[in-house]
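Take a look at the structure set out below.
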Amino acid sequence: MNTKEQILNLYYNDHLKQNEIAKIVGKSCPYVSKVVKADNRNKQEKETRKKTNAKNRKVYLQEYLKTYDRPKKDDNSYEQMISQQKQDAIELSYTTNIMSDYAFAKWNSSSYHTNSKGNLVIDRKLKVGFDIPKTINMNIKVPIQKYKHVCCFSR
């Protein structure tokens, strides 16, 4: 049996891959590919292998998904929400009186707009009480987190 017949026999009868055949026969992969492509049965064999691989892949995925154990991620979104709610309660509390003008403007961002000087100004159409900051100077340094409750911005 010559090399070409051996290659075709291994490919069509034993259903080996081209790189496996190249190792057995001692020829290069491009040579094996050239011999296989020249044969008339190549197109039908490709379709058969494609269908077989699709079926095998489907079975493999079904088994994999049955046995796959997804790692559990630490979901701390509830704890984050609770801590945010506590912080909001502190900032909006009437009893502590520690909310800065900037924090108020941040909470009521739809009521403020920026003027030509870069300061926040409350909308003139709104009727507000005397304790609401009408203008907030944004040209001064924002206090660092450590002192955020000590500094209040000008009105």
Side-chain angles (χ1 to χ4, degrees), residues 7 10-24 28-34 36-37 41-155:
I7 290 171
L10 291 171
Y11 187 75
Y12 292 112
N13 297 334
D14 295 342
H15 303 288
L16 295 178
K17 296 178 182 177
Q18 290 180 4
N19 60 353
E20 295 170 341
I21 295 171
K23 288 177 185 174
I24 292 171
S28 66
C29 287
Y31 177 77
V32 172
S33 176
K34 183 178 177 182
V36 170
K37 283 183 181 178
R41 302 172 283 180
N42 184 30
K43 191 172 185 178
Q44 183 181 359
E45 181 69 17
K46 276 179 121 177
E47 289 297 321
T48 305
R49 288 184 182 214
K50 186 176 179 181
K51 289 177 184 176
T52 305
N53 288 339
K55 287 178 187 175
N56 292 343
R57 177 76 177 154
K58 186 176 180 181
V59 170
Y60 169 77
L61 284 176
Q62 287 173 347
E63 290 300 316
Y64 176 77
L65 292 175
K66 284 179 188 175
T67 60
Y68 180 67
D69 185 26
R70 289 173 179 77
K72 303 291 182 201
K73 294 182 180 176
D74 293 337
D75 185 17
N76 60 353
S77 57
Y78 181 75
E79 288 81 11
Q80 288 176 345
M81 183 194 66
I82 295 297
S83 65
Q84 182 67 42
Q85 187 179 22
K86 287 179 183 178
Q87 181 66 28
D88 295 346
I90 290 170
E91 289 183 7
L92 293 174
S93 175
Y94 291 115
T95 58
T96 58
N97 239 357
I98 57 173
M99 186 175 201
S100 67
D101 292 349
Y102 179 74
F104 182 83
K106 187 171 127 183
W107 276 97
N108 299 289
S109 60
S110 61
S111 303
Y112 286 89
H113 66 276
T114 307
N115 66 5
S116 61
K117 296 179 182 177
N119 297 327
L120 293 176
V121 180
I122 198 160
D123 190 2
R124 290 185 182 205
K125 296 176 185 173
L126 295 176
K127 294 182 181 181
V128 294
F130 71 94
D131 57 342
I132 303 299
K134 311 302 186 271
T135 303
I136 300 173
N137 186 359
M138 297 303 291
N139 297 322
I140 61 173
K141 291 183 179 179
V142 176
I144 58 175
Q145 186 70 25
K146 184 177 177 183
Y147 302 110
K148 81 174 191 179
H149 298 302
V150 175
C151 297
C152 282
F153 297 99
S154 64
R155 291 181 190 219

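- For Ser77, the side chain to side chain donor-acceptor pair (under 3.5 Å) partners are Asp75, not counting sequence neighbours.
- Shortest non-hydrogen contact noted between Val36 and Tyr11 is CG1-CE2, 3.4 Å.
- With sequence neighbours left out, the side-chain contact (heavy atoms from CB on, under 4.5 Å) criterion links Thr48 to Gln44, Thr52.
- The distance from the CD1 atom of Ile132 to the CG atom of Leu126 is 10.5 Å, given to the nearest 0.5 Å.
- Heavy atoms from other residues, nucleotides or ligands lying under 6.0 Å from CD of Gln85 number 12 at most.
- Taking the side-chain contact (heavy atoms from CB on, under 4.5 Å) definition, one finds that Asn13 meets it with Asn9, sequence neighbours left out.
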Task: From CA spacing to verdict: side chain to side chain contact (heavy atoms under 4.5 Å, CB included), Lys134, Val128 - done: CA-CA 9 Å; Lys134 311 302 186 271; Val128 294; 3.8 Å; yes
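- Residue pairs satisfying the salt bridge (charged side-chain N to carboxylate O under 4.0 Å, His left out) criterion with at least one member in residues 50-65, sequence neighbours excluded, are listed as follows: Glu63-Lys66.
- Screening Asp123, Thr135, Ile136 against Tyr112 for a side chain to side chain contact (heavy atoms under 4.5 Å, CB included) leaves a single residue, Ile136.
- Looking at residues two or more places apart in sequence or on another chain, you find a ring pair (Phe, Tyr, Trp, His ring centres under 6.0 Å) between Tyr68 and Tyr64.
- Shown here are the side chain to side chain donor-acceptor pair (under 3.5 Å) partners of Glu47, two or more places apart in sequence or in another chain: there are none.
- In this structure Lys43 satisfies the salt bridge (Lys or Arg N to Asp or Glu O under 4.0 Å) test with no other residue, sequence neighbours excluded.
- For Glu45, the side chain to side chain donor-acceptor pair (under 3.5 Å) partners at least two apart in sequence or on another chain are His15, Arg49.
- With values rounded to the nearest 0.5 angstrom, Cys29 atom SG is found 8.0 Å from Lys23 atom NZ.
- Applying the side-chain contact (heavy atoms from CB on, under 4.5 Å) rule to Asp69 yields no partners; only residues at least two apart in sequence or on another chain are considered.
- Every residue two or more places apart in sequence or in another chain that forms a side-chain contact (heavy atoms from CB on, under 4.5 Å) with Lys46 is listed here: Asn42.
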Without placing hydrogens or testing angles, list every side-chain donor-acceptor pair under 3.5 Å for residues 114-122, not counting sequence neighbours.
| residue | atom | partner | partner atom | Å |
| --- | --- | --- | --- | --- |
| Asn115 | OD1 | Lys117 | N | 3.1 |
| Asn115 | OD1 | Gly118 | N | 3.1 |
| Asn115 | OD1 | Asn119 | N | 2.9 |
| Asn119 | OD1 | Met138 | N | 3.0 |
| Asn119 | OD1 | Asn139 | ND2 | 3.4 |

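- Partners of Tyr31 under the side chain to side chain donor-acceptor pair (under 3.5 Å) rule, at least two apart in sequence or in another chain, do not exist in this structure.
- Once rounded to the nearest 0.5 Å, the distance linking CG of Asn19 with CD1 of Ile24 reads 10.0 Å.
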